[in-house]
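Note that this is a predicted model, so its numbers are computed, not measured. Start at 1 with the first residue, then count along the sequence.
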Amino acid sequence: MKCAERSSQECLFLAHIIRSLCALPGSSELCDWNRTWQTHNPDLTPCFQNTVLVWIPCLYLWLFAPLYILYLKRNDRGYICMTHLNRAKTAIGFTLWLICWADVFYSFWERSHGATIAPVYLVSPTMLGVTMLLATFLIQYERMKGVQSSGVMLNFWLITIVCATVTFRSKILHALNEPASVNVFKYTTFYIYYTMLLISLILACLSDQPPLFSQANPCPESGASFLSRITFWWITGLMVTGYKRPLEEKDLWSLNTEDKSQRVVPQLVRRWDQECNKVKRSEARSQFFPPSNRQDGQPIEESEILLVKTLKKTGDPSLFCALCRTFGPYFLVSSLYKIVHDILMFVGPEILRLLIQFVNDSSAPDWHGYFYTTLLFVCTCVQTLILQKYFHVCFVTGMRLRTAIVGAVYRKALVITNAARRTSTVGEIVNLMSVDAQRFMDLITYINMIWSAPLQVILALYFLWQNLGPSVLAGVAVMVLMVPLNAVIAMKTKTYQVAQMKSKDNRIKLMNEVLNGIKVLKLYAWELAFKDKVSAIRESELRVLKKTAYLGAVSTFTWVCAPFLVALSTFAVYVLVDEHNILDAQKAFVSLALFNILRFPLNMLPMVISSMVQASVSMKRLRVFLSHEELDEDNVERPAISSCDVSLSLFRINVRIPEGAFVAVVGHVGSGKSSLLSALLGEMQKQKGSVSIKGSVAYVPQQAWIQNATLKDNILFGRDGKDSWYQKVVEACALLPDLEILPGGDSTEIGEKGVNLSGGQKQRVSVARAVYCNCAVYLLDDPLSAVDAHVKLSVFWEYMKAIGLPLSIFSIFLFFCHHLSSLGSNYWLSLWTDDPVINNTQPNREMRLGVYGALGISQGIAVFCYSVAVSVGGILASRYLHQTMLYNILRSPMSFFERTPSGNLVNRFAKETDTIDSVIPSIIKMFMGSMFNVLGSCAVILIATPLVAIIIPPLGLFYFFVQRFYVASSRQLKRLESVSRSPVYTHFNETLLGTSVIRAFGEQQRFITESDGRVDHNQKAYFPSIVANRWLAVRLEFVGNLIVTSAALFAVMARDSLSPGIMGLSISYALQVTASLNWLVRMSSELETSIVAVEKVKEYGDTEKEAEWRLEHSTLPAGWPTAGHIEIHNFGLRYREDLELAISDISVNIEGAEKVGIVGRTGAGKSSLTLGLFRIIEAAQGEIRIDGVNIAELGLHELRSRITIIPQDPVLFSGSLRMNLDPFDGYTDEEVWRALELAHLKNFVSGLPDKLNHECSEGGENLRVLVLDKGQMAEFDSPSNLIAKKGIFYKMAKDSGLV
């Protein structure tokens, strides 16, 4: 009470000061209510005009100027040269300053001539003149700091012109009514002043030229005017281009500097490092203890190499804190926008209360109604602009967050230890970059609802209390009771989320292995076995999803019903607690408007909680990965000494290698040869001793690592091209014959993992890379192992079909029932409020209340049913689409996998499948809900005020045109964004396979730059798409605002014939239209974007397929082949239809039990003949018969399962040894153990029953050799006979030193 009294006294004191400034007869009153409000021709008092209306713009500028100057000082964008626009702004500023001082001097002149002048005529012009001088200074300061258009100054001129317009109208009325009392000088100066203000406002809407030294092809946002920025008009040019023709990459702008990886990623990495430094850690070590001898005298096994990791932590670093410190300051801007928007939300119900009051008061002037309508339009438009700026800041923050997470994960992957690397599979890390990063992006949009939703609830309850009194406590009790239920649901959802992510990781891990080993799967005819394994994991994932769907349905039921239950309980208590409590239109529909506001936060809160649960799981996964132990750069010392020696001390190893020495490290399998090289490269943790290397290092791994780039780029590896040295290297590494074979020479694009190179070619490219770098130390890990000695709408309906048409139609019917019940309950409420009041009571209130409650319960039942139906339908669709995609991909030929990056395929099984699983069903629910809300609102408005039919059709056409105009560009932007996303994952997969090579060559920074560039390239297409969404939302919300204004305007015009209940119903629904349209726009955009995932998943159904796996009517004998007699007759094949034959005219007869070796130089056709035998590539001519059966007439599995091969590159799949040997469980344990014993692996498997780490190989006698040359058979005989002939085979053996 004391505070209230003090505030009242301060207001009275301020009013007294103002009246003393206006101390003249007839002009000292600050406010005159009869003159301003209770009149048909309103006007403000002269005192108010000369004080408050003058001081408001002055106070605005002086309050914001210090903060604005500080902001400009810290955000210098460059220097803008003086332009005509800037000169005009400055000149007008000085003119306004002179006009203000002219008024001051004129007042002094009048006073000197005996006139009585009120102090306000000296104070206000002086204050205004100083303010104009400040405005002129800010105009110049903005130019020097590179500001092309200023929102601060535009708002200043707008506020000033609005305040001056009131005075302008008043002066005109005064001049017309009392022309004799007009002061010509002051009137003249004011009209000039007003004209200058108008010109200043127009000039403030224009944008100046860019600052000096701006970047090429900059984003137009930075140079756009303030009005263009707040309405997102600056993207219109790009959208017009997209409407006229398909957008291309060259049409996109450069990414803003503050959004680029080079700016964003280091900020997060630095903050994360600071968090890590707060946590004390013990040392982590990887140790290598090879035993000198086994007790049984056998060579040591690889399983006996122990990698020991000890890690003790006293706590975990906080990734959340690192993210908040990195992105929090910019994100806080969105919180400010949200606060203003949330406050403006409650202006609508207050204006509704005033409009109903206006209809009930027949004595109120007509202009009151039009004033309320105008105020409603202005408030809704401001609310729209602020909301879209809020979303823009949120989406840009989400974009930066994704950039930072992808960059941090990539950088971490380059430095983690080998031991830590084993704990995270490629599939898991890809999920971190795709699914988990996407979860953070989705959460950022709604995270403010955590505080905004309670704020909206509190404000709504406050206004409800003002309207209905203590009865609102019943509604509060309903909300409180729902909190524990939803808390339990959230906890269970988190549990299911963890389980689902675990299944997803296992599925992606297995799919990654399947795609990497697809050639082995096809050679062994194992596709069905692995299809079943993937499907089993998928089914467990879908079971968890189904449980989550049921939980989500319960959550949706409680929160959708919550606003109605709150309304029902509040109205029930209000009318039942006292029979004299009348539920009139004002109380009911203002309350209903507040309940509708309450509906949004209550509906959003469970979704935000669910997103937070998912994000918390993702954050934990990211934290664990980013906390992995890193390689110590000090493991290898690189002193600047004159000699070039290599000295190292490992366990029981001491060696010093002088400069220029060529040293071979030999030993049994697992004796530590590769580990020794790893120690030299710093890839192992040092326990004791030292490793010292002088000079640069080049490394050739045992398994050649090839990038998806040209052959020349693979050799140069980021270094400058030196033609003479390059030619010497190519010749020395025996690559000249290969360059002649390759279609584009050294400019041939090498497929992912070198799929279009033979094993020998890949290894020679790897050696050439090392030689070209001309290093001091070369580390070669068995580099010659593989080298011979010498060398939309339709898509949506597809999704609905996948769900099932009956279930889809039933879901739509349930949506219709829900909204019909909602409409019926509100219409029933309007009838209730129009009931006659008899003896201060409404006689039928119990009946009205009962029907109102029944309609509400029917809403809840429909909500629960459609939520379950859509979620279950989504799971059915997801199962069907995933199984179909998996089957189609496994049926694809090898040529498909050679030209399709694995990153694309993994992306389909990871991100696109996750979108179909989780995103699309929820978006469909929200889209259908928003659509029915809009249709229902329009129907109610048309019934209440039929005149609105005049404006709704043209607004509908405008809505349709804008939507179509937007869709044309949006699709192209989504396509460009999708096309540029896969290279990010492809490059990452490639990097993970070659981390040791990258580190050995010291090329980490180049690869980081390449990854950052690919992410930025992807974001360059994503950024315009989010701006386009805002562009659309502003325009379509403007349509909604016009509908609101039209409903209010026509209700005011029909005040005499409209009941308060119907008017309240109409305007309360109209107030929902803008929010519903906004949500409809977002959901339609999200649905269109997300449904692309279905298109991507289904696209593999139209690609080429292999022959059938099994023929229906097979006549193949049961034991075929029995003898193993192979007849090759005039056989030839080609890799593509447009290429020449890779091998041709091969005719050879191989008897059963013969062993034949196929030899030849690189490109001779050795692998091609083998691929033809297994029908990996189909014959282009001739035939192959095995035991008299033409293999072309068999099903692929009938052929491949009856013959076998030991592939050149061993591929192991996650799982047991037994699964790798016998995926179909077709053999007994005894037979499997017998096979292991024959392969000399029984002891190995006995010691490690759950691991597999060997290479199958077999030698034999009676070997015959088939020699190929240039794709044709050159020689075929026993080795001794071929050597005696001294042909091609003899030359190859001689080159190898064998003869």
Side-chain angles (χ1 to χ4, degrees), residues 21-22 24 27 43-62 65 82-113 115 117-140 142-143 150 152-206:
L21 290 173
C22 305
L24 278 180
S27 65
D43 196 11
L44 293 171
T45 64
C47 183
F48 191 93
Q49 294 178 32
N50 290 317
T51 54
V52 177
L53 292 185
V54 174
W55 297 352
I56 284 176
C58 298
L59 288 173
Y60 162 82
L61 194 61
W62 282 101
M82 184 67 78
T83 60
H84 294 302
L85 177 62
N86 199 271
R87 290 190 183 97
K89 289 180 180 179
T90 307
I92 291 174
F94 274 114
T95 303
L96 288 168
W97 175 70
L98 291 173
I99 291 171
C100 294
W101 281 110
D103 278 348
V104 173
F105 292 139
Y106 182 77
S107 296
F108 276 114
W109 181 84
E110 283 186 311
R111 200 167 190 173
S112 66
H113 284 74
I117 302 297
V120 71
Y121 293 105
L122 297 173
V123 174
S124 291
T126 302
M127 183 185 294
L128 194 59
V130 175
T131 303
M132 291 304 168
L133 199 60
L134 174 62
T136 307
F137 165 76
L138 286 176
I139 289 170
Q140 285 302 310
E142 286 175 338
R143 180 182 65 82
S150 171
V152 172
M153 295 306 299
L154 178 65
N155 286 329
F156 168 70
W157 296 122
L158 181 62
I159 293 169
T160 308
I161 198 74
V162 168
C163 292
T165 300
V166 177
T167 307
F168 182 77
R169 174 182 176 274
S170 182
K171 286 185 180 296
I172 290 177
L173 291 175
H174 183 260
L176 291 174
N177 296 329
E178 302 177 31
S181 61
V182 170
N183 187 319
V184 177
F185 180 84
K186 288 192 174 182
Y187 270 54
T188 303
T189 56
F190 179 80
Y191 292 146
I192 297 172
Y193 166 79
Y194 189 77
T195 304
M196 293 293 104
L197 287 180
L198 282 174
I199 296 172
S200 293
L201 180 64
I202 294 170
L203 294 179
C205 295
L206 304 178

Inset, instruction - Would you list the pairs meeting side chain to side chain donor-acceptor pair (under 3.5 Å) in which at least one residue belongs to residues 92-101, sequence neighbours left out? - result: none

Legend entry - Summary of salt bridge (charged side-chain N to carboxylate O under 4.0 Å, His left out) pairs that have at least one residue in residues 125-135, sequence neighbours excluded: none

Inset, instruction - With sequence neighbours excluded, tell me which residues meet side-chain hydrogen bond (donor to acceptor under 3.5 Å, both in side chains) with W62. - result: T131

Legend entry - 4.5 Å side-chain heavy-atom contact, T189 and F185: yes

Legend entry - Interatomic spacing from CD1 in I56 to OG1 in T51 - rounded to 0.5 Å: 9.0 Å

Inset, instruction - Looking only at non-hydrogen atoms, find the nearest pair between Y193 and A164 and report the distance. - result: CE2-CB, 4.4 Å

Inset, instruction - Not counting sequence neighbours, which residues clear side chain to side chain contact (heavy atoms under 4.5 Å, CB included) with S170? List them please. - result: D43, Q49

Legend entry - Contacts of type ring pair (Phe, Tyr, Trp, His ring centres under 6.0 Å), residue F137, not counting sequence neighbours: Y141

Legend entry - Any donor-acceptor pair under 3.5 Å from N86 side chain to M82 backbone: no

Inset, instruction - Would you list the pairs meeting salt bridge (charged side-chain N to carboxylate O under 4.0 Å, His left out) in which at least one residue belongs to residues 47-61, sequence neighbours left out? - result: none

Legend entry - I159 CD1 to L154 CG distance, which is reported to the nearest 0.5 Å: 9.5 Å

Legend entry - Nearest-0.5 Å distance that lies between atom CD1 in I192 and atom CG in L197: 12.0 Å

Inset, instruction - Mind checking the CZ-CG spacing from F105 to L122? Nearest 0.5 Å is all I need. - result: 11.0 Å

Inset, instruction - Taking side chain to side chain contact (heavy atoms under 4.5 Å, CB included) as the test, write out the residues that go with N155, two or more places apart. - result: Y60, F226

Inset, instruction - Please identify each residue that fulfils side-chain hydrogen bond (donor to acceptor under 3.5 Å, both in side chains) with Y187, with sequence neighbours left out. - result: H174

Legend entry - Residues that S200 engages under side chain to side chain contact (heavy atoms under 4.5 Å, CB included), provided they are two or more places apart: I92, L96, W157

Inset, instruction - Report the residues that fulfil side chain to side chain contact (heavy atoms under 4.5 Å, CB included) with L85, sequence neighbours left out, ordered by chain and then residue number. - result: T83, K89, L203, L206, D208

Legend entry - Distance, nearest 0.5 Å, that separates CD1 of I161 from CE of M196: 10.5 Å

Inset, instruction - State, yes or no, whether a side-chain contact exists between Y121 and Y106 at a heavy-atom distance under 4.5 Å. - result: no

Inset, instruction - Please list, chain by chain and in numerical order, all residues satisfying side-chain hydrogen bond (donor to acceptor under 3.5 Å, both in side chains) with T165, sequence neighbours excluded. - result: Y194

Legend entry - Donor-acceptor contact present, side-chain S124 to main-chain N50, <3.5 Å: yes

Inset, instruction - Kindly check if the number of other-residue, nucleotide or ligand heavy atoms within 6.0 Å of CZ (F94) is above 12? - result: no

Legend entry - Side-chain touch C163/P57, heavy atoms, less than 4.5 angstrom: yes

Legend entry - Gap between atom CE of M132 and atom CD1 of I99 - 0.5 Å precision: 9.0 Å

Legend entry - Under the salt bridge (Lys or Arg N to Asp or Glu O under 4.0 Å) test, residues paired with K186 that sit two or more places apart: E110

Inset, instruction - Could you tell me whether the side chain of V54 reaches within less than 4.5 Å of the side chain of M127, counting heavy atoms only? - result: no

Inset, instruction - Find out whether F48 and V166 are in side-chain contact, i.e. whether some heavy atom of one side chain is under 4.5 Å from a heavy atom of the other. - result: no

Inset, instruction - Among T160, V162, L158, find the residue that satisfies the side-chain contact (heavy atoms from CB on, under 4.5 Å) test when tested with L201. - result: L158

Legend entry - Note, L61 side chain near L138 side chain (heavy atom, < 4.5 Å): yes

